[in-house]
Amino acid sequence: MSSSRDQEISEFKTEAMDLLDVAEKSLLALDSGGDFKLHYDSIFRTFHNLKGAAGMMELGELQSHMHELENILVNSKESAVLKKELIDFFLRGVDATKQLLENKTIVFDYEVPISEPPIDSAVTSPDTPVIANAPHKPSTSTPSFVLSESSMGEFLAECDEISERLSKNFLQLEQKTNSQETIDTIYRDFHSLKGSAQLFGFSQLGELAHLMESCLDPLRKKKVQLSNFLVDVLLKCIDLVDRMIKSIREKEPLNFKTQIHALTEALEKMISDPQGDDSPMPENIVPQETTTPTTPGVDHDKESATTIRVPVPLLDRLMTLMGEMVLVRNQVLQYSSQSDDLEFLNLSQRLNVVTSEIQGEMMKTRMQPIGNVMSKFTRMVRDLAKELGKKIEFTLTGAETELDKTLLEAVKDPLTHIIRNSCDHGIESPQERKRLGKPEIGSIAVRAYHEGGQVIIETRDDGKGLHRNKLLSKALEKGLVTHDKAASMSDRDVMDFIFAPGFSTAAQITNVSGRGVGMDVVRSNIEKIGGVVELNSQHGKGATICLKIPLTLAIVPAMIVRCDNDRYAIPQVKLVELVRAEQNGNGPKIEYLQGKPVYRLRGNLLPLIDLKEILRFPKTDQQNSEVVNIVVLNAEEQYFGIIVDEIQDTADIVVKPLNRFLKSLTTYSGATVLGDGSVAVILDVIGIAHQQQLITEKKDQLLKATNSREGQLKNQNTQEFLLFKLNSPTKHAILLSYVHRLEEFKREQIEYSGQQRVVRYRNSVLPIISMNDFLNFKPKIDISENEIISVIVTQRGDSVYGLEVNEILDVLSTENVMETGLADRAGILGNLVTEEEIIVIVDPQRILMEISKTMNQNSVTPSSQEGATLTIGKVFSPKKLKILFAEDMVFFRKQVTKVLQRAGHTVVFAVDGKDALNQLENTERDSFDLVLSDIEMPNLTGIQLAKSIRLNSKWKNVPLIALTTRCDKASIDSGLKAGFDIYLEKMNPEELLNAVNQLIHSKSEEIAA
Amino acid sequence: MSIENNIGISSESDSTKSTQYATFYLGNRLYGIDVMQVQEVTQALPVTVIRLAPSFVKGLINLRGQISTAIGLRELFELNTEEVKENMTVVCRIDGNLLSLLVDRIGDVVEVNKKDYEPTPDLIPSSIKRFMKGVYKTDGPILSVIGVDNIIAELTGRNEQSHNKSHKKTQGAFQ
C-alpha cells in the first residue's frame, strides 16, 4: 500500500509542479501587463485544482495553504488588477507551495501586503517551532468555513477515538516488535489527526501530529527500527494530545508550545540521526536495533527494479511505431501467403505471433482500470460528507472498465470536481432530505462503461438538482443572457450556464466548492480530449452528469466491409451477426415496408439500411443482385441491418480521430489504416441509427397509432398488409403499420392472468388474443398441437397486445382500394380484392377495444355489485392524485406506474406491504390520496396491509384498491373483507383509472355529504 | 476576420524574426504558408474519399501510419477545378492534426520584407478572405499568405457553432 501511495504522491508532485509553473508564468505575465482575465483565471484554476488534489491526496498543509492563497486571490478579482505587492506575495506563495511539495516545511505569512498597513502586526509567534506546518491562521478578511457546534463535537469524538486507538496500538507495538500493519495504522491515525486538527484550526495539535507523523515515517519505510526511546517520546506525545483535546473540550486556550518544543527537539535529533550514535540519550537506544547503513540502499534498489517511470510521450511514440509494425506484419503476411517458401512462411508466422504479443503488451502499458482513479473518490466522498454534515452513500460500478492512461489522467480532475459539486451542492442535508420525503442518506453513483467506442462515466446523485430559475437569475445577474432571451431558452440551454466560468449558484463559498470554477474546468478538460459532457437534471430529483470519453488510442476489433470501391470498418462491439440473403432462394428475402427495406430475421422484422444510400453513392440499377450481405447491428438495443456489397475481413484497427471539422459527420467515428496501407473510415453505428431515426422509431410508432385510421388509408396510394392464415379458407390481413413486431412463442410460455392468456415479453406482460376465437372460426385442425404459436404484436395506446394467428404468410403491397361495405362484424375493416383472391382486412384496434370491454366486465368492483354502472371511458373530473403503490414485481410496478402517471397522478411505490406501511407511518396524514396494493407480496401481504391500514387511526379512511392476478371469488371476498374498497384484476389500464377516479369521486362526495 | 487582426498576427511573428514562407503554386498563382507550420512536402499519395464530407475535403491520406486530411485548396479558394494537376501535398501539423494541402507545384522558401506587406484587399470576397492573412508584393508574382489556422478555425467554427456559443459566454462572464 505504501509503495503505491508513494507513487501516487510522486505523480501528484510532478503534476503540481507543472501547474505551479503555469501559475508562475501567468503571474509574471500579469506583472508585465498581460491580460488580467486570462491570467487571473489560470492562476485561480491552479490554486483551486491544487487545493482539490491536495485534499484528495490527504496533504492537509498543502490544501490549507492553497485555500488561503485562493481566498486572497478571489478578493482581487473585483478590482480586475493585481497589484505589484500582491503579485510578489503570490509568487512567494507559489515558492512556498513548491517547498511544501518537496516535503520541506514552510512558515508562510498570509497577511496580504496591501498598501494599507497590516492589521495584525504580530504575524508569526516568536516561538514558532522549527518543524512547523503552514500555520492555519483564519484570516479576518475572508471567512473560512464556519464551524458548528456539532461538527466540533464530531471532531472531538474522533480525536478521542484516535488517541484511544493509538495508545492501544503503541502498547501492542512495544510487545510485538515491528508489525508493519500496526505501524501503518498508527501512521494513518496521526495523519488524520493532523488533517482534522488543521481543518479546525488547532495548529498546535496539528503541529504535534505532524511531528509524530514525520518521526514515524522512517520507521514505516523501514529505514530505522523501532526503539524504546522513540516509543517513549511518541507516547509522551500522545499524552500531550490527550491534554490538548481536554483543553479544546473545555474551551481553554491551547498553550503547550514549550512541551511541543521539547518534544520537537528530542524527535528532531532522532530524525536527523536515526542511528543514534551520538545521541544525547544513548542509554535509551538499544544497540542492535540500529540498522546497518546498507539496508535502505538495498530496499531502494529493489523498488526501482520493479517499476520505472517512463515519459508518456515515449509510450505514445512506441504506440505509433507499434501501429506501423502491425502494418508491416500484415503486409508480410499478405505477401507470404502467395509464397511457397516454407522457411519464409515459418518466419512470417513467427513474426505474426510475436507482433501480436507485443501489441497486446503495448496496449497494457497504457490501459488502466478506471477504478485506479475512482476508488479514491470513495474516501473523498466520505470525508466531504463528514465535513458537510451530510449522509452520502457512494457507489461505484464498472471500476474495471479500462481507459487509456492519458485519458484517465484527463478525466480525473473533472470527475473530482463533479463529485465534489454533487456532495456540496447536490445532496441536501439529512434534515432537508427527511423533510422532502427522501431517504436520509443521499446517494452518488458513478458508473463507467463502454458504449459505441466510447467510455461513458456517469455520475448520478439524488440531490436537489439544478433549479432553472436560479440559474437564469444568476445568468441575468452576470449578464450572460438578456431578459427577453431568458424566457424562451430551453432547459438544456439554461443548464449549459453551469459550464460558464465563474458561474456558481451556491450561496456560500466553502472549502469544498462553490466558486463555479469546477464545471468550467470540467468542460474544458473533457473537450480537450475530444469528449462530451452532458448534464441532465430534474429539480428536486437530482442531477446526472455524463462524461463521454472517446477511445481514441484504443485498438478495437472491427469488421471490414466493402461498398462500391470503398472499404469501411464497423466496430465489432456493435456487430450482432452477418446475414447472407439469397434473393432467389426459398429463404427470407428483402421486402419493402412503406418503401423501406426490411428483412425477416427469425420472425422479427429487421429494418435495413443500404450503406450506398446513406453514403449517397450514385444510384445504380443493380438493385436485384442475387445475394445481399447484411451486417446486423445493435445500436442502443435497437437492431438493424446495413446492406453492404461485401463482407471482407475482421481486423484489429487503431482508431484515429477525424479532423475536428469533420466531427459533424455523424456517420463516421474515426478512420484507420488498414493492413494494406490504405485508409478506411470507421462507421459510427449509433450515429447512423440516429440519423436514420431508427432509435427514435418507437416514438414514431406511438404517433402512428394515434393517427386516425382514415388518414392513413387515404393518404397513401400504396398500402402494405401483412397476410396471415386463420381457420378459414379466406386469407386475412392487417395493415402493416399496425404491426409492431412478429414473434413466435412456445406454447409452454403461455401463462394465465385471470382468464387472459399472457406471455412474458420484454419485461412486461403481453396478452395473447386468439384471432380464431375472436372471429369465431371453429378450429378445423387442432392448432393447439403446434408447439410454436405465431403472434402479431400490435400496439394500442401504451400497451402491446399479441394477436395469435395460425401462420404468417406474406407482406402484400397493393394500390387496390379496400371495400368497406362488407364489414359484417366488429373487428373487420373490409375486403381487399386482388387479382387472385379476396382478403379480409382485420382491424386490430377495434378488436382490442372489444376485447378490453369484455375483460372489464369480468372484473368485479363493489360498485358493479351494488348495481352502480361503471362506464368505460367515462371521465370524472380528473384530479391529480398522489398514490402509494405497493407491488413487489418490477414489471407490474413499471406498467401500472406508467398508466397512472399518464393520467397525471403521482406514484410513490413500495416494494412490499411492510414498506408501504412504513411509508404511511412516516408521512403526514392525507399526503397520499389513495393506496393501491398487490395481494401477494413478501413480508406483508396486501390483505394484511389492508387490515393494518383500516386499524390505523391516521390512515383508516384512505381509499384502498387491490390490484392482483388472483381474481377468484374467494380471494375477492377476502380482499373486500380486509378493507379494500375495490378489487381489480391486473392488466387493465382503463378500468384501473376509472376505478381510481370513481373511488376518489365517491369518497369526496361522502365527505361533502 | 478584420484587417487589424491580420496585421496583429503578422507583426507578432515579425517582431521575433523575419518571416519565411513556404510557397507553392495552384495554376500560376503563388501562395505561401508560414514555414514553421509546414511539416513536410510529399508527392501526391493515394487518397481515400470520405463520402458526405464537404467538397474541399478530398479524403484521407496514410502518411506513414498517421492519417492526414487532404484539403483541396482549389475548392476552398473557389478556383477552377477543371485543369487539376495537384501533384504535391504540403503537410501542416496544427494542434496535432495533420492537414495535407493539395497543390500543383512547390516553390521556394522565400523571406519577405515587412514593408511589402499589405492586408488582404477588400475586393477579395470574404468567403476567401477569411482563409488569408494578407499579401506580399514580391519581385515575382504577388504572394498570398494562407493562414492554416484560419482555415481550421473557420472550418471548425462552421461545424461547431455550439462551441462558439460557449466561447461567447466565456467572454461575457467577465464583462
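Chain A is the first sequence line, chain B the second, and so forth, proteins listed ahead of strands; every chain is numbered from 1. Heavy atoms only: backbone and side chains are in, while hydrogens, waters and symmetry mates are out.
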Quiz prompt | Per-residue contact mode, B/I71 against chain A (heavy atom under 4.5 angstrom) | solution = side chain

Quiz item: Any idea which of B/G59, B/A53, B/S68 has the most non-hydrogen atom pairs under 4.5 angstrom with chain A?
Solution: B/A53

Quiz item: Take atom CD1 in B/I142; do more than 12 heavy atoms of anything else shown fall under 6.0 Å from it?
Solution: no

Quiz item: What distance do B/L45 atom CG and A/S678 atom OG have between them, rounded to the nearest 0.5 Å?
Solution: 13.0 Å

Quiz item: Are there more than 12 heavy atoms of other residues, nucleotides or ligands under 6.0 Å from atom CZ of A/R562?
Solution: yes

Quiz item: Shortest non-hydrogen contact from B/I67 to A/V679?
Solution: CD1-CG1, 4.0 Å

Quiz item: What part of B/N62 lies closer than 4.5 angstrom to a heavy atom of chain A: side chain, backbone, both or neither?
Solution: both

Self-check item: Part of A/I614 within contact of chain B (heavy atom distance under 4.5 Å)
Solution: backbone

Quiz item: Is it the backbone or the side chain of B/L99 that comes under 4.5 Å from a heavy atom of chain A, or both, or neither?
Solution: side chain

Practice problem: Against chain A, label B/I94 side chain, backbone, both or neither, depending on which of its atoms sit under 4.5 Å from a heavy atom there. | Solution: neither

Quiz item: Who wins among B/T48, B/N97, B/L52 for the most heavy-atom pairs under 4.5 Å with chain A?
Solution: B/L52

Exercise. Using non-hydrogen atoms and a 4.5 Å limit, figure out which bit of A/L665 sits close to chain B: side chain, backbone, both or neither.
Key: side chain

Practice problem: Evaluate side chain to side chain contact (heavy atoms under 4.5 Å, CB included) for A/L662 paired with B/V57, printing each intermediate quantity in order. | Solution: CA-CA 9 Å; A/L662 292 172; B/V57 177; 3.8 Å; yes

Practice problem: Kindly give the heavy-atom pair with the smallest separation between B/R51 and A/L615, and that separation in Å. | Solution: NE-O, 2.8 Å

